[in-house]
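Just so you know, ligand 1 is whichever comes first in the structure, and atom 1 is the first atom listed for that ligand.
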Amino acid sequence: MLLPFAVAPIALIPGMLLLPGAAADDLLDAALGVAALAPPRRMMTPMGKPMSAAVTNCGELGWVSDAAGYRYAALDPESGLPWPALPENLADFAARIAAEAGFPGFAPDACLVNFYEPGTKMGQHQDRDERDFSQPIVSLSFGTSAVFRIGGLKRRDPSTTVTLHHGDVVVFGGPARRVHHGIDRILPGHHEQLGAKRLNLTLRKAG
Ligand code: MD6
Ligand code: FE
């Protein structure tokens, strides 16, 4: 596995670091193992529409959405079983990257796994269902590239975009922890394991 910061980190905005290509393929393999145990599915938004991306989770807590709202839950609502365990290589990698980025002691207990098919997106949102916003989020992208939109703390603040590629890692913390962000679109491409899909993992301390 590549060492964290083997490539120079890029500050996208204060508190948001991009580490190009920092995530090696053993982390993708771990994510695919999770998806084999708890298949990705399109959850319903509280507004009653299916989400564009298909999602699954691993770790003690999983992010879920349904008519009752967004929250973290210990059980997969589809199977009634606990989410698959958070693979050790993912937890260790996220903790190491977070420490390098200035967040020592990051101990993720939740990992949201998003699958994007061509034509899907993720609307602008804030991640605010976690308990402690002093804890960062570590995001890993695999497969086809995506246009990631980064806004500000207010919904109408100006935004910029950056393209995230296979292996890219983004750390979201401090002043960036609650900025609006989303995925505008998935770019055409092919990956030997993922085909035309993109996979994004976000490791969090939710509880
Ligand atoms: C994605 N990412 O890249 C969506 N959230 O597919 C996120 O929504 C996200 O990358 C919080 C922190 C980092 C992220
Ligand atoms: Fe998010």
Side-chain angles (χ1 to χ4, degrees), residues 9-23 27-28 31 34-35 40 42-43 45 51-57 59 61-65 70-72 90 93-94 97-98 101-103 106 108-153 155 157 159-187 189 191 194 196-206:
I10 299 162
L12 296 173
I13 58 170
M16 194 187 297
L17 277 186
L18 168 64
L19 305 166
L27 302 167
L28 167 60
V34 166
R42 293 178 70 195
M43 293 182 179
T45 65
M51 285 180 61
S52 187
V55 314
T56 186
N57 291 278
L61 293 170
W63 184 89
V64 297
S65 175
Y70 305 125
R71 65 194 173 281
Y72 283 94
L90 279 172
F93 178 80
I97 287 280
F103 301 95
F106 179 55
D109 58 6
C111 177
L112 173 61
V113 183
N114 289 140
F115 283 86
Y116 297 83
E117 305 259 7
T120 63
K121 60 191 174 64
M122 173 77 70
Q124 290 286 110
H125 66 275
Q126 293 169 296
D127 285 51
R128 54 180 184 194
D129 300 317
E130 302 76 27
R131 266 215 189 113
D132 181 359
F133 297 128
S134 75
Q135 295 300 305
I137 296 180
V138 176
S139 159
L140 282 57
S141 294
F142 294 104
T144 50
S145 302
V147 179
F148 184 55
R149 184 168 293 278
I150 305 160
L153 292 172
R155 214 179 159 77
D157 284 346
S159 62
T160 56
T161 60
V162 62
T163 301
L164 297 180
H165 302 288
H166 180 80
D168 284 358
V169 175
V170 178
V171 184
F172 240 70
R177 181 60 180 75
R178 272 175 288 175
V179 300
H180 287 80
H181 58 277
I183 295 292
D184 282 4
R185 64 200 162 87
I186 304 303
L187 300 177
H191 179 267
L194 292 166
K197 289 188 202 175
R198 171 173 184 264
L199 195 167
N200 174 261
L201 302 171
T202 42
L203 290 110
R204 301 120 186 276
K205 171 75 178 128

Query raised in the report: What heavy-atom pair brings R177 and D127 nearest, and what distance separates the two atoms?
Result: NH1-O, 2.9 Å

**Report entry** Shortest non-hydrogen separation from F142 to L201 and the atoms involved
**Finding:** CE1-CD1, 4.1 Å

Query - Protein N, O or S within less than 2.8 Å of the Fe ion (ligand 2), waters excluded - result: H125 NE2, D127 OD1, H181 NE2

Query raised in the report: With a 3.5 Å cut-off and no angle check, do the side chains of H125 and H181 form a donor-acceptor pair?
Result: yes

Query raised in the report: Of N200, T56, N57, which meets side chain to side chain contact (heavy atoms under 4.5 Å, CB included) against L112?
Result: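 Testing each of N200, T56, N57 against L112, the sole residue satisfying side chain to side chain contact (heavy atoms under 4.5 Å, CB included) is N57.
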
Query raised in the report: Do you know which of I150, D184, I183 makes side chain to side chain contact (heavy atoms under 4.5 Å, CB included) with T161?
Result: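 For T161, the side chain to side chain contact (heavy atoms under 4.5 Å, CB included) check succeeds only for D184.
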
Query - Within 6.0 Å of CZ in R42, more than 12 heavy atoms from elsewhere - result: yes

Report task. List in chain and number order the residues that pass side chain to side chain contact (heavy atoms under 4.5 Å, CB included) with R131, two or more places apart in sequence or in another chain; answer none if no residue qualifies. Result ->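 For R131, no residue satisfies side chain to side chain contact (heavy atoms under 4.5 Å, CB included) once neighbours in sequence are set aside.
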
Check residues 12-23 and write down every donor-acceptor pair under 3.5 Å in which the side-chain atom is one partner and the other belongs to a residue at least two apart or another chain.
none

Query raised in the report: Listing by chain and number, which residues have a heavy atom under 4.0 Å from ligand 1?
Result: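 Correct list: Y116, H125, D127, I137, S139, F148, F172, H181, I183, R198, N200, T202.
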
Query - Cation over ring face, R198 and Y116, 6.0 Å, 45° - result: yes

